[in-house]
Amino acid sequence: MDAEWVALLLIQKFQALLLDGEFQVNEEQTERLLHAFYSTEDAADTFLARALLLQRQKLRGCNEAICQPFRGFKDFRIRFLFTVQIKKFMSLIEHDVCNNNIAGSSVQDGTIQNPRHQGTRRASSSYLEVGKDVVGLGDQAKELEEHLICTDENIQAATHELISVAGERGSGKTTLVRIVYEKVRIKKHFKYCIWVNVSNRVVKGRDVVLDMLKQVDEALAEAEESVFEQELVSRLGEVLRKGQMGRLSNEESWELFLKKICSAEDALSKNLDLSLITFKEKILKLCNGLPLLISLMGGILSMVELSNGEWSRVIEDADNLHGDILALSYKELPSRMKPCFLYMGMFPKGFEVPVRRLFQLWIAERLVTPSSSGELGPGEVEVFLEELINRNMIEVARWRSHGIPKTCRMPGAIYDVFSPKAAAEIGLFYIHCKSNYSSGDQPSFPVRRLASYLSIKNYPSSDWYIRSLRSYISFSTHRGGMPAGEIGKFLNKMILSRDVGWLTILDLEGVYKPRLPESFQKLLKLKYLGLRSTSVESLPVSVCDLPCLETLDVKHTMITSLPGSIWTAKNLQHLYMDWIRFDDISVQVSSDSEALSKLQTLWGLSISQDSPILDSLFNITSLRKLALRFSSASQNRLNDWISKKLTNLQSLRLRSIRNLGDRGSIKLTALQDHQKLMDLYLLGVLPRPVNIKQLPPNLKILTLSMSQLRKDPMQDARTATLPQHP
């Protein structure tokens, strides 16, 4: 299968280049290439899934329910179909890409010279330009724009409250207004821009006001959807009056800019640096007093060398993009980070994304590519988020007490630009947020990643919306808003739409008691199953047998047991539970050295002295996060395992209990060699005195609960939390 894997790597590389804008292709060619890419990815997934199924048949014997569609199916046929699709894909690339770029087609309006590449390429802001191919409206658009924006030459513009555009049917009135409405200069000038469609048919005033309110504050609109029209008008007025904020002065703008490119300690010295002062006027003019643009520009320049050459290049690129700092931020982002950034647009606007959840989704989606060794090194994923934060393209919503981001989100103004781009123009995901669909709503590409903001009951059932799904994430968290069985029906329909399930991500975190179908056994490619905070009570038995499963999260659920086959999993990396015990003698214990060899997170496991999984547990050496509840009698082996084999731990939580559930005692093991351990939580009676020399040297958070200590043992430590208990 070496040739097939090479082809897959080429496909992934092509996708990265297309997102990066490396190819000089027009919009029609871009759409055709994306269709070809997605079709080839489908062929690759079909090939790999069927090959995996055939391999499982050989190893385990064929199960009639699964294998019936594959009777007589031969390996060579799978390879042949895949090869045909790859050839079609490469032929299209040669025709649309190579001919355009090698033959040296003329440079059209919107292309720029990049000093880091030879030749020309389209500007990354092309997705923001509307109506660039419209003929004959340029002068009228410019005139309308001058009526809207007050300048030194056009003082009267500020007095206009209403501007009418009149003309006969078909003369381009709507097109003209849309061109001006979508201009970056207009978006930057006005705090709010609202587009309302009113046809000749009877329109309810309440619906128009509600539509306007949704464009200003979607969350408020949802909360107020049931109120009367006059109340909606009042709410809209309040929002608009509350948000008329002024721009920063030049002094304030420069102070903010300095904070974004350097630390407070050396801000003054850099301010006096002549090379920085040289660009001050240009930077202030580009940002025009808007804090968001100042932050983004500071983020861009903080990532390049402080030299005249590099700063001149960035500012020249900004000029070539007509001062569009948002487009410049995306253009300057490294290619490997662009899919991760765009993926954030899949979450609802303003949604606080748990960093834990985001990292595991990035990895499962293969948006974060591993190194040449095939494995992600420690901290590689964290570096991606750190750079996006430093570039001010992602903001931290909440921090953990030891200075690590807990939740993050995409700033609203950035979300408004890039979420529609990722959904509509690239087909990276599709957002289900409507109660009714028409034929005109069909997206340009088959839906591959679905983010559901509403009940899935009203989601279209055609193949275009279902058959190619790779990821399904639901944000419908209202307890009464969705029948428990709707998700199960939808998943069952999606799974049964093809012979082998393609779904790799199923994230229902926060959805109340979803019902999961028994057809899970067909999801041979499922990598991520997120059921946290769902109150779900059980799992299909086949879940723990899925060969590609990497993350299983059943924390904060009603699940009290898991199939023992979970201890034979070879690809499982993260397992979150709610103090589940594996005391049944029928639990499968694997002697295979690869079983659980990739496990990094084991959270919420409860073990007893006679647990049948102890031998398997103590063979695991790859853990970075561990939360364990144990009986005092099993502590000696446990301490030996933690101190000698788990030296890469970053977070450790231990709870000691007695047989009747009372708190037990904890014998503090030697942890001074655990250089990466920063968070330690111990629940149980501690010996007196506590030997602090046994603690990790880089510990940032220490929590001692029910310890019965009367004196603080950490007077010289940097951080200590000692909960008070009676």
Side-chain angles (χ1 to χ4, degrees), residues 49 52-53 56-57 59-70 360 364 450 452 456 466 469-474 476 482-578 580-582 584 586-588 590 595-596 604-605 613:
L52 178 61
L53 181 59
R56 284 167 63 84
Q57 291 175 19
L59 293 175
R60 305 175 62 179
C62 181
N63 178 290
E64 189 69 23
I66 302 179
C67 304
Q68 186 62 36
F70 297 99
Q360 289 162 11
L450 173 62
S452 178
I456 201 65
I466 290 179
L469 272 182
R470 304 306 201 279
S471 304
Y472 173 49
I473 304 180
S474 177
S476 183
M482 176 171 52
E486 292 300 330
I487 283 185
K489 293 177 183 178
F490 169 73
L491 291 174
N492 198 52
K493 188 172 186 177
M494 183 268 298
I495 293 172
L496 296 178
S497 67
R498 55 177 56 255
D499 44 24
V500 178
W502 282 352
L503 197 70
T504 58
I505 309 290
L506 178 56
D507 188 354
L508 305 178
E509 184 168 327
V511 176
Y512 183 65
K513 287 191 175 181
R515 293 179 187 169
L516 304 179
E518 291 298 328
S519 54
F520 252 78
Q521 58 191 16
K522 293 187 65 176
L523 295 178
L524 298 182
K525 296 197 65 181
L526 191 69
K527 294 184 175 74
Y528 182 101
L529 179 56
L531 298 173
R532 180 178 295 224
S533 302
T534 58
S535 298
V536 72
E537 297 177 355
S538 63
L539 287 178
V541 177
S542 58
V543 166
C544 294
D545 292 323
L546 298 176
C548 296
L549 191 64
E550 295 176 355
T551 297
L552 176 59
D553 191 345
V554 293
K555 191 176 182 182
H556 303 316
T557 65
M558 306 298 289
I559 295 174
T560 58
S561 64
L562 288 178
S565 57
I566 194 71
W567 293 97
T568 65
K570 294 183 179 181
N571 289 304
L572 193 65
Q573 297 180 18
H574 306 281
L575 178 58
Y576 296 92
M577 303 174 287
D578 255 348
I580 291 179
R581 301 170 67 98
F582 292 87
D584 194 327
S586 64
V587 170
Q588 301 177 33
S590 175
L596 298 180
L605 174 65
I613 65 168

What distance do Leu516 atom CG and Thr534 atom OG1 have between them, rounded to the nearest 0.5 Å? 8.0 Å
Among all residues two or more places apart in sequence or in another chain, which pass the side-chain contact (heavy atoms from CB on, under 4.5 Å) test with Ser542? Phe520, Gln521, Pro540
Minimum heavy-atom distance between Ile466 and Lys493, given as atom pair plus value: CD1-CD, 4.3 Å
Enter the distance from Asn492:CG to Leu496:CG here, rounded to the nearest 0.5 Å. 4.5 Å
How about Lys489 and Arg515: do any of their side-chain heavy atoms sit closer than 4.5 Å? no
Applying the side chain to side chain contact (heavy atoms under 4.5 Å, CB included) criterion to Tyr528, which one of Ile505, Leu552, Leu503, Leu549 satisfies it? Ile505
Between Ile613 and Leu605, is there a side-chain heavy-atom distance shorter than 4.5 Å? yes
Roughly how far apart are Arg532 CZ and Glu509 CD, rounded to 0.5 Å? 6.0 Å
Ile580 to Ser561 - nearest heavy-atom pair and separation: CG2-CA, 3.9 Å
Taking atom CG of Asp545 and atom CG of Leu524, what is their separation to the nearest 0.5 Å? 11.0 Å
Test side chain to side chain contact (heavy atoms under 4.5 Å, CB included) applied to Cys544 and Thr568, Ile566, Leu529, the passing residue: Ile566
Beyond-backbone contact of Val536 with Val554, side-chain heavy atoms, under 4.5 angstrom: no
Of all heavy-atom pairs between Tyr472 and Ser452, which one has the smallest distance, and what is that distance? CE1-CB, 3.8 Å
Straight-line distance of Ile487 CD1 to Ser474 OG, nearest 0.5 Å: 4.5 Å
Going through the checks in order, is the side-chain contact (heavy atoms from CB on, under 4.5 Å) test met by Leu596 and Leu575? CA-CA 10 Å; Leu596 298 180; Leu575 178 58; over 6 Å; no
List the residues meeting salt bridge (charged side-chain N to carboxylate O under 4.0 Å, His left out) with Glu550, not counting sequence neighbours, and say none if there are none. Arg366
Would you confirm whether Asn571, through its side chain, and Pro547, through its main-chain N or O, come within 3.5 Å as a donor-acceptor pair? yes
So does Lys527 get a backbone contact from the side chain of Thr504, meaning a donor-acceptor N/O pair under 3.5 Å? no
Please round to the nearest 0.5 Å and tell me the distance separating atom CE of Met494 and atom OG of Ser519. 8.0 Å
What closest approach, in Å, do Ala569 and Leu572 show between heavy atoms, and which atom pair accounts for it? CB-CB, 3.9 Å
